[in-house]
Amino acid sequence: MSTDTTETRPADASPDRPGAINAVPVRHPGRWVAIAVIVILAGMLVHLLVTNKAFDWRFVFQAMNQQPVIHGFLKGTLLVTVLSMIVGVGGGVLLAVMRLSDNPILAGVSWVFTWFFRSIPRYILLFTMGTLGILFPQGIAFGIPFDWKIMDWLGMSGDWRFFTLDANQVFTGIVAGVIGLGLSEAAYMAEIARAGIMSVDKGQAEAAEALGMSSGKVMRRVVLPQAMRVIVPPTGNETIAMLKDTSLLLAVPVIAELFYQLQSIGSTYYKTFPIAVAATLYYLAATSVLMVGQYFLERHFGRGFGTKAPRAARPAGAGGA
């Protein structure tokens, strides 16, 4: 703030006391120039959206209202996002606890898992997931490990398998997409959860254990609730990223998915750009809702933290019910 050096001193003012200072606010002409540029660019954008026939808004909204597109949005986009985040968050918390364990084997397994799935692009991971059925031509069996060897040593025939799943059904469609995206997300959530757990003071866990609480109970009741303040913001970002990454399910492939269905319509009518606009509008709407939900979650878990001053207490005897 610049000041005017001219001082007006009353006639009876003491020479040791300064007179009134006429302060002049600092002007910011650059701000007004920036605002003018933004207004002009916004006007140009609106004019482009309204007058350019390449957008073909009528076709955009017709494509968005098609039943296969809506079904793909609900099932292949929203449902896969929810299921993948459940797998990712649950697996990430488990991996974070393993990584912080004193057991070197558990910590090493967690590190290898995180390293592996963070290193592979999700598109390639989904493509690989869709071809894993070739590794299990006889299906995925659940039972006693190495049962055929044990039965051979005992001179017996048969097997000790409870049930078998067809690998070509497991590693295809939405199931393969959820597994691939969920495992990839677990690797990222492991680091997010680990950072949140490490942000909680160790003294609180030690005090809870001194009161007789088990390690698991301390983690559930003391550490994780406080770590959520650190975990929730990046988890919200990961959820939004997961919603957008469902468009990669084309690599599996998943037919009941938003972008796959829109691409099919665009290929049929030879309209590529309007289809891209339709997909953009869907993702903008969905991510906007997620951002609102993230805001309320952050506010809930961030209670008691921040720089806001507490409200003044109401004076005694003040009116009100």
Side-chain angles (χ1 to χ4, degrees), residues 34-35 38-39 41-42 45-46 48-49 55 57 60-61 63-65 69-93 96 118 121-123 126 174 177-178 180-197 199 224-250 254 256-262 274-308:
I35 292 174
I38 292 174
V39 170
L41 292 176
L45 177 60
V46 172
L48 178 69
L49 294 174
F55 284 95
W57 291 107
V60 167
F61 292 119
M64 293 177 66
N65 289 324
V69 174
I70 298 174
H71 182 263
F73 175 69
L74 295 176
K75 188 175 182 180
T77 302
L78 296 183
L79 180 62
V80 170
T81 298
V82 173
L83 296 179
S84 299
M85 287 306 300
I86 291 175
V87 174
V89 172
V93 172
R118 288 176 67 185
R122 285 186 173 176
Y123 185 86
L126 290 173
I174 288 180
V178 170
L181 292 176
L183 293 178
S184 176
E185 185 60 37
Y188 291 94
M189 284 302 306
E191 294 300 295
I192 295 174
R194 185 168 69 95
I197 293 173
S199 68
L224 284 179
Q226 298 182 71
M228 291 299 291
R229 180 179 60 89
V230 178
I231 294 174
V232 166
T235 302
N237 294 336
E238 288 294 318
T239 304
I240 293 174
M242 178 63 71
L243 178 78
K244 296 181 292 184
D245 285 345
T246 55
S247 61
L248 301 176
L249 292 175
L250 182 67
V254 176
E257 190 272 325
L258 171 67
F259 192 58
Y260 184 95
Q261 294 296 330
L262 285 173
I275 290 304
V277 175
T280 300
L281 293 178
Y282 261 114
Y283 287 118
L284 282 174
T287 53
S288 298
V289 174
L290 289 178
M291 290 174 65
V292 173
Q294 178 183 352
Y295 166 77
F296 285 105
L297 280 176
E298 290 183 12
R299 190 174 69 172
H300 173 75
F301 288 106
R303 291 176 301 178
F305 296 90
T307 58
K308 291 184 178 180

Minimum heavy-atom separation for [X] to [Y], with atom names?
{"X": "L243", "Y": "Y283", "result": "O-CE2, 3.8 Å"}
{"X": "A278", "Y": "M64", "result": "CB-CG, 3.5 Å"}
{"X": "G177", "Y": "S84", "result": "O-OG, 4.3 Å"}
{"X": "M228", "Y": "P233", "result": "O-CD, 4.4 Å"}
{"X": "A190", "Y": "A96", "result": "O-CB, 3.5 Å"}
{"X": "G91", "Y": "A186", "result": "C-CB, 4.1 Å"}

Approximate separation, where rounding is to 0.5 Å, of [X] [atom1] and [Y] [atom2]:
{"X": "L297", "Y": "L290", "atom1": "CG", "atom2": "CG", "value": "10.5 Å"}
{"X": "N237", "Y": "Y188", "atom1": "CG", "atom2": "OH", "value": "14.0 Å"}
{"X": "E238", "Y": "Q294", "atom1": "CD", "atom2": "CD", "value": "10.5 Å"}
{"X": "T235", "Y": "I240", "atom1": "OG1", "atom2": "CD1", "value": "11.5 Å"}
{"X": "D245", "Y": "S184", "atom1": "CG", "atom2": "OG", "value": "8.0 Å"}
{"X": "M85", "Y": "T239", "atom1": "CE", "atom2": "OG1", "value": "3.5 Å"}

[Y] and [X], any side-chain heavy atoms less than 4.5 Å apart:
{"X": "M291", "Y": "Y295", "answer": "no"}
{"X": "M189", "Y": "V93", "answer": "no"}
{"X": "L258", "Y": "I70", "answer": "no"}
{"X": "I174", "Y": "K75", "answer": "yes"}

Stepwise side chain to side chain contact (heavy atoms under 4.5 Å, CB included) test for F296 and V292:
CA-CA 7 Å; F296 285 105; V292 173; 3.6 Å; yes
Short side-chain to backbone donor-acceptor contact, T77 and L74, under 3.5 Å:
no
Does the distance from a Lys or Arg side-chain N to an Asp or Glu carboxylate O, for R118 and E185, drop under 4.0 Å?
no
Can you sort out the partners of F55 under ring-ring contact (aromatic ring centres under 6.0 Å, His included), two or more places apart, ordered by chain and number?
W57, F273
Which residues satisfy the ring-ring contact (aromatic ring centres under 6.0 Å, His included) test with F259, sequence neighbours excluded?
none
Any side-chain donor near an acceptor of the partner, Q261 and E257, under 3.5 Å:
no
Check step by step if side chain to side chain contact (heavy atoms under 4.5 Å, CB included) holds for V89 and I231.
CA-CA 10 Å; V89 172; I231 294 174; over 6 Å; no
Test L249 against Y123 for side chain to side chain contact (heavy atoms under 4.5 Å, CB included), laying out the working first.
CA-CA 8 Å; L249 292 175; Y123 185 86; over 6 Å; no
Derivation and outcome, side chain to side chain contact (heavy atoms under 4.5 Å, CB included), residues S247 and Y260:
CA-CA 8 Å; S247 61; Y260 184 95; over 6 Å; no
